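As structure tokens, the structure follows; a few thoughts come after it.
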Amino acid sequence: MAIPIIPRGDVPPEEIPAFFNFTTPPTNGGIKQVDPLTPTFTFARNLLVDFDLVLPDGGRVPMWIIEDSNAPDAPPPLPKDALRRNFPSPAIRIPQNALVRADVLCQGNTHTIHWHGIEPTPMNDGVGHTSFEVAGHFFYQFQPRDAGTYFYHCHKNTVLHFEMGLYGLLLVDPPDPANPSVPVTYPTGGPGFAARVNPAAVALTDHVIHYDVEAAWVPDSIDSRWHLLGHDAFMQISDPNDPVNPANFTQDGILNDFRPDIFVLTGIPRRINDPTPITAAENPVFGPLVAPTVGVGQTLLARVINADYIIQQFTLGIDAEVIAMDGRGLGIPPFHQYSRPFPLPAGTPFRLTSAMRWDLIVKPTTPGVYPVKIEFLNQITGRLLYTARTTITVV
Amino acid sequence: MKRRDFIKTGLTGLAAITVGNVKIPGLFRTEAFAAGRTIDLTMEAAMVEMVDGTQVFHWVFSSPLSTPAIGPSFPGPALFATAGEDITINIKNTLKEPHAFQIVGTRILTPPISPGQTRTVSFKAPAAGSYLYIDPLNDPVNRVLGLHGAFIVIPATGNTPYSFPTPMVQQLFNDLGTTPQFPRHALSQVGWDPARFRIWLHHQIDPAFNAQAQADFDAGRASTVNSAQMRANFLPRYFTINGKSGVFAAHDHATTIEGRIGQPMLVRILNSGLYTYSNHLHANHFYVTSLNNVVQDNVLFIDSQTLKPLDRIDWVVPFIRPPDIAGDPNIPLRELIPEELALTIPGAQGSPGMPQSPLPYPMHCHMETSQTAAGGNYPQGSIAHFDFLGDVDGVDFPNVIE
Ligand SMILES: [Cu+2]
Ligand SMILES: [Cu+2]
């Protein structure tokens, strides 16, 4: 008896162009912006730029990064271009409600930028197969209405381009509640204000908390085999007339098989067999964000982002509170009123998978050095692959 | 007419069986009905075609005794019942090794069903929500090789998808369509229409294990696929939602979530495989209303979420206007972004391209290895589409035809 066949799906003739767009997105083809409005906040990014991630033993991993070509020279002892070119790519801070025009230059090949968690129109969303990939300049336009933690990344052949390092922090800063009509951004590292529900709020702009010190834990892992691949590695052959012809699918790819051998915490790397804890001193740009120092009576805001393809489990040795997720302050009316912040007692682990962002606050009461542990777990077997360690120092 | 021109409601395209008193106007177009309160399922072998044309041996469910008959299905037919009603399911095993039937998270379970045997399980439908049925034997082998499907329970009363909503979930459903933050679409009668839901049943295929099961099947012997080996060595090569991958999933109207601003939709998300996903929705954050059949008390509003093996998760996608579109939120989108809505970006290599209206967005897994097929071919993996068809005041965007 012949075994029945369940087909993969239909390709209606009238949908062939849509199917082709999916496998082979258009490029912007000279379109620089759509439905432009007058911006109140502008910045530029340039991708991609090659970058070597230097390991503690002097080894180098080829990365791709997104450059902030307008950033100033870094003060000594930083390398001169540390604010322009780094991994993760330079952070973007935007005042809440600003009308943003982002001048993105894509060169060498096509790319996009997706402003992850920001929700604009499709052409400003940076997804190739629902709009286009960018060659040359495109001016992305959006207006972030919710203060919080986001990130930006390339969304072309994402499985490879994101892994190669094409991402950075994107932070939307709320105004000081004492001057709610003045758009501001805060210095990375603090102090500033962050969205947190405020039971005593009179105006919506009162739903913020002041923090003194800002931390950013952005763990990621690297499969160094992947870092030798080309831009379009293992993509399909493009055929506008027969976009899903079985003969056009590559069959020798390894992009389903992620085997990390290097682990990073906000750009600070370790090889899989190197358990050395990460300190503030070892990296002048990212170290203070990873291993912050905060005073008794002060408030620490920690932004946590899984920028990885595996499961991450975080355990803090100090009491914290979860105040926001994915750029939304828990409990803030009207959209977030169905949730509320919750405590995270010292030693309570929590797990994030890729692109999830949690904002935590810590209000230390006792001086000491408190551990922060990040365990990297395989997303199929659950096996522990690496444990990264750093600290919160309370003085 | 382009397929994108259709307005779809209900579960066109997904095999479904309703039992008893499932009465939601407009819910189905092509469902099968069970005779009385009895569902007949058969376990059999089928070749399932992957997105790249590769045929992979599976064990699947069919329902030849339904009206109309449902052939071999991957995943199995979605079963719909009403909470508290009596249901009987007969499961016939035509395969060569023992199988069984279980509804995850409940006590509904058959003893092993021998080759050639039929077993019956009778039960009262549990509290309303989204469930997964599987073959639990040789865990996880039998479910991973294809014996799984969605089991959906509709509440007997109320305006939520639940028999026992928490106060926060009840408040959310009360607010949809009635409060300033959730304006109701002009042509919608209610905030959330119970017919507006989707099932996203996630699965992964590592053909090495299927090939072993096929060799056993062809030799006429019981499967030798070992559960410990599968747990240790499973490396998915294909990722499906509702049995489809990549462009076929994105263009499947049983999977796409679509509607106008002010027409919220419930998405019932299940994982029958072994991979942990991180599902990310563009254009709207979503409310997590139920997690593994626990209606949530702290209803998170997030854009990316973990989906572990065997998880059952409900999202409410509010279909609010994408909040970060630049410009005055009081101006209808058709006036604020006319250029984009009118645009067809010319396709690559002389292809005509596709119009940007209705507004298309993706839902994809951010673990990204799940976005592949055969080790590459991005994005032919675990993906769905999310389309906005019109403004809240009842005026549709270009190319939308009722
Ligand atoms: Cu993203
Ligand atoms: Cu994305």
Side-chain angles (χ1 to χ4, degrees), chain A residues 3-9 12 14-15 17-22 24 26 29 34-35 37 99 117-123 125 127 130 132 141-145 157-159 234 236 240 246 249-251 253-256 258 309 311 325-326 328 334-336 338-339 353-356 379-380, chain B residues 2-3 45-49 51-53 72 74 168 172 181 234-235 237 244 247-248 274-276 278 280 282-283 298-304 306 322-327 337 339-340 345-349 351-354 356 359-362 366-369 371-372 374-378:
Chain A
I3 300 178
I5 295 169
I6 300 174
R8 61 180 176 164
E14 70 275 16
E15 289 215 47
F19 272 54
F20 181 64
N21 263 15
F22 190 93
T24 310
V34 282
D35 303 303
L37 298 169
L99 204 154
I118 305 288
E119 294 165 340
T121 70
M123 289 182 71
D125 194 37
V127 178
T130 50
F132 55 86
Q141 176 175 275
F142 53 90
Q143 193 167 6
R145 319 276 179 173
N157 197 7
T158 317
V159 60
F234 310 125
Q236 287 158 261
F249 283 76
T250 179
Q251 292 291 324
I254 59 165
L255 296 179
N256 61 328
F258 185 64
Y309 295 162
I311 301 164
M325 292 184 188
D326 295 356
R328 298 291 186 269
F335 288 108
H336 327 309
Y338 313 96
S339 63
T353 51
S354 187
M356 292 174 69
Q379 79 275 38
I380 300 168
Chain B
K2 296 188 190 77
R3 191 134 60 120
M47 300 303 290
V48 180
E49 192 180 35
V51 64
D52 62 356
F74 177 77
M168 280 302 188
L172 172 64
Q181 74 268 27
F234 190 71
L235 179 64
R237 188 170 166 88
K244 292 181 176 164
V247 69
F248 294 99
L274 288 170
Y275 181 93
T276 293
S278 197
H280 168 47
H282 289 225
N298 194 358
V299 181
L300 304 176
F301 189 48
I302 53 180
D303 66 44
S304 305
T306 308
D324 305 320
I325 292 177
I337 57 165
E339 224 182 302
E340 180 162 350
I345 302 160
Q349 298 174 36
S351 159
M354 281 299 294
Q356 285 300 116
L359 296 174
Y361 295 95
H366 223 283
M367 298 294 245
E368 297 292 345
T369 47
Q371 299 305 291
T372 63
N377 302 294
Y378 175 88

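In this text, all values refer to a predicted model and were calculated from it rather than measured experimentally. Letters A, B, ... are given to chains in the order of the sequence lines, protein chains preceding strands, and every chain is numbered from 1.
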In terms of heavy-atom contacts, Gln251(A) and Ala374(B) come closest through OE1-CB, 3.8 Å
Greatest number of non-hydrogen atom pairs under 4.5 angstrom with chain A, of Gly353(B), Gly347(B), Ala45(B), Ala326(B), falls to Ala326(B)
Rounding to 0.5 Å, atoms CD1 (Ile3(A)) and CE (Met47(B)) come to a distance of 6.0 Å
When every non-hydrogen atom of Arg8(A) is compared with those of Val51(B), the smallest separation belongs to NH1-O, 2.7 Å
Measure the acute angle between the ring planes of Phe335(A) and Phe301(B), then classify it against the limits of 30° and 60° as parallel, tilted or perpendicular.
parallel
Rounded to the nearest 0.5 Å, the CD1 atom of Ile254(A) sits from the CG atom of Leu235(B) at a distance of 11.0 Å
Closest non-hydrogen contact found for Ser339(A) with Val299(B) is CB-O, 3.2 Å
*Are the side chain of Asp324(B) and the backbone N or O of Phe142(A) linked by a donor-acceptor pair below 3.5 Å?*
no
| field | Min side-chain heavy-atom separation Gln349(B)-Phe20(A) under 4.5 Å | value | yes
What one should report as the nearest heavy-atom pair of Glu49(B) and Pro7(A) is OE1-CA, 3.4 Å
Here the gap from Asp326(A) atom CG to Leu300(B) atom CG, rounded to the nearest 0.5 Å, amounts to 9.0 Å
Are Thr353(A) and Thr306(B) linked by a side-chain donor-acceptor pair shorter than 3.5 Å?
-> yes
Ranking Ile311(A), Ile118(A), Leu99(A), Asn157(A) by heavy-atom pairs under 4.5 Å to chain B gives rank one to Asn157(A)
Most heavy-atom pairs under 4.5 Å with chain A, out of Val48(B), Thr372(B), Asp52(B), Thr276(B), belong to Asp52(B)
- Query: Distance-only, no hydrogens or angles: does the Gln143(A) side chain make a donor-acceptor pair with backbone N or O of Gly327(B) under 3.5 Å?
  - Reply: yes
Distance col, row Phe132(A):CZ vs Ile345(B):CD1, nearest 0.5 angstrom, shows 5.5 Å
For Pro240(A) and Ser351(B) the tightest heavy-atom approach is CB-CB, 4.3 Å
dist Glu339(B):CD -> Met123(A):CE (nearest 0.5 Å) comes out at 8.0 Å
Shortest non-hydrogen pair, Ala46(B) vs Ile6(A), comes out as CB-CD1, 4.0 Å
Applying a strict 4.5 Å limit to non-hydrogen atoms, the region of Pro72(B) in contact with chain A is both
One should read off an interatomic distance between Gln356(B) CD and Thr121(A) OG1, to the nearest 0.5 angstrom, of 8.5 Å
Original post:
Does some side-chain heavy atom of Gln371(B) sit less than 4.5 Å from a side-chain heavy atom of Thr158(A)?
Top reply: no
Donor-acceptor contact below 3.5 Å, side chain Asp125(A) vs main chain Ala283(B) | no
Exactly one candidate in Met325(A), Arg328(A), Met356(A) meets side-chain contact (heavy atoms from CB on, under 4.5 Å) with Ile302(B); the answer is Met325(A)
